Participant: 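So that we are looking at the same thing, I have put the structure below in structure tokens.
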Amino acid sequence: LLLVLYLKFIRRKIYNDNAQLLLIALVLLFPAVLAYLSVRIQVDFPLQYFILVPVSAMLLTVLFDSRTGFYGTVVASLIVAGIRGNDYSIALAGLCAGSFAAYTVRDLRNRAQLFTSIWYIFIGYLIAVAALSLENGTPMPDVGYELVSSLGNALVSPAITLALLYVFELFFENVSDLRLVEFDNINHPLLRELALRAPG
């Protein structure tokens, strides 16, 4: 409801476009599926910190805008918490990391710049893990495993975002600001030829 009201009153253009609504739904479904798998797979490792909320945050920010990215991050974090049985500690961690991720890609100039978000995502998780560990008195070995899982999340999130971004732009014909910036690159062969043949 939070996201629907935001889209209806602030991003009416997205709200009236079924393709873009489907795109947002798919982006939010991604961490939801991972949250479900983290509950079903029983291993002695904190898989909950490997739920890729930052991927949703970065995709929504690049494909739409930073405000939509932030609202989507909040909603994705709450969905993950609900699926995991009201695990709001992981919602806080996902919200911190996702917000940092969205912030790092809001002024994206090229796709390689996505990988600068690795450290920001990890710092977001580090802050949340440290705060929750102090609050709950978590043993240090468990904190270490949570940080390892968070680092894995931070390392794979930009790569998965890059792959999904290409797929979504291809299938939904969504021209993101990043794609427009790439079209405006003066080193593009077509623009170089145009500058030679029709200068000015």
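Not measured: the values here are computed from a predicted model. Numbering of residues begins at 1 and proceeds along the displayed sequence.
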Participant: Can you measure from CG (Leu1) to OH (Tyr6) and round to the nearest 0.5 angstrom?
Facilitator: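 Rounded to the nearest 0.5 Å, the CG-OH separation comes out at 15.0 Å.
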Participant: side-chain contact (heavy atoms from CB on, under 4.5 Å) between Leu26 and Leu22: does it pass, once the steps are laid out?
Facilitator: CA-CA 6 Å; Leu26 290 173; Leu22 176 61; 4.3 Å; yes
Participant: Tell me which pairs pass salt bridge (charged side-chain N to carboxylate O under 4.0 Å, His left out) where either residue lies in residues 73-88, with sequence neighbours left out.
Facilitator: Arg84-Asp87
Participant: Quick one: does Ile24's side chain get under 4.5 Å of Leu3's, heavy atoms only?
Facilitator: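 In contact.
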Participant: Can you check whether Leu126 reaches Ser150 side chain to side chain, under 4.5 Å on heavy atoms?
Facilitator: no
Participant: Heavy atoms only: give me the nearest Ala81-Ala91 pair and the separation to one decimal.
Facilitator: CB-CB, 3.6 Å
Participant: Measure across Gly124 and Phe100 and return the closest heavy-atom pair with its distance rounded to 0.1 Å.
Facilitator: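 Residues Gly124 and Phe100, closest heavy atoms: N-CD2, 4.1 Å.
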Participant: Does a side-chain heavy-atom distance below 4.5 Å link Leu165 with Leu63?
Facilitator: yes
Participant: Can you tell me if Asn16 uses its side chain to pair, donor with acceptor, with the backbone of Arg12 under 3.5 Å?
Facilitator: yes
Participant: Please name the pair of heavy atoms, one in Ser99 and one in Phe70, separated by the smallest distance, quoted to 0.1 Å.
Facilitator: OG-CE1, 3.5 Å
Participant: Tell me if a side-chain donor or acceptor on Thr104 pairs with a main-chain N or O of Ser117 at a distance below 3.5 Å.
Facilitator: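 Side chain of Thr104 to backbone of Ser117, a donor-acceptor pair under 3.5 Å: no, none is there.
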Participant: Work out which heavy atom in Gly94 is nearest to a heavy atom in Thr73; give both atom names and the distance.
Facilitator: O-CG2, 4.1 Å
Participant: Tell me, do Phe64 and Gln20 make a side-chain contact under 4.5 Å, heavy atoms counted?
Facilitator: yes
Participant: Output the distance between atom CD1 (Ile123) and atom CH2 (Trp119), rounded to the nearest 0.5 Å.
Facilitator: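 Between Ile123 CD1 and Trp119 CH2, I get 8.5 Å after rounding to 0.5 Å.
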Participant: Looking at every non-hydrogen atom in both residues, tell me the closest pair between Pro31 and Val80 and how far apart they are.
Facilitator: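 Heavy atoms of Pro31 and Val80 come nearest at O-CG2, 3.8 Å.
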Participant: Residues in side-chain hydrogen bond (donor to acceptor under 3.5 Å, both in side chains) with Asp65, at least two apart?
Facilitator: Arg11, Thr68
Participant: Let me confirm one number: the CG-CD1 distance from Leu5 to Ile10, rounded to the nearest 0.5 Å.
Facilitator: 9.5 Å
Participant: Return yes if some donor-acceptor pair links the side-chain N/O of Ser149 with the main-chain N/O of Glu146 below 3.5 Å, else return no.
Facilitator: no
Participant: Going by atom types only, do Thr138 and Asp142 share a side-chain donor-acceptor pair under 3.5 Å?
Facilitator: no
Participant: Do any side-chain atoms of residues 44-62 form donor-acceptor pairs under 3.5 angstrom with protein atoms, and if so which ones, sequence neighbours left out?
Facilitator:
from	atom 1	to	atom 2	distance (Å)
Ser56	OG	Val27	O	2.8
Thr61	OG1	Ala57	O	2.7

Participant: For Phe115 and Pro158, work out which heavy atoms get closest and say how close.
Facilitator: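 Answer, listing the atom of Phe115 first, then Pro158: CD2-CB, 3.7 Å.
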Participant: Nearest 0.5 Å please: distance from the CG atom of Leu7 over to the CG atom of Asp17.
Facilitator: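 Rounded to the nearest 0.5 Å, the CG-CG separation comes out at 11.0 Å.
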Participant: Could you state the interatomic distance from CG (Asn18) to CG (Leu23), rounded to the nearest 0.5 Å?
Facilitator: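 Spacing of CG (Asn18) from CG (Leu23) equals 12.5 Å.
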Participant: What distance separates Leu95 CG from Leu78 CG, expressed to the nearest 0.5 Å?
Facilitator: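 With rounding to 0.5 Å, CG (Leu95) is 8.0 Å from CG (Leu78).
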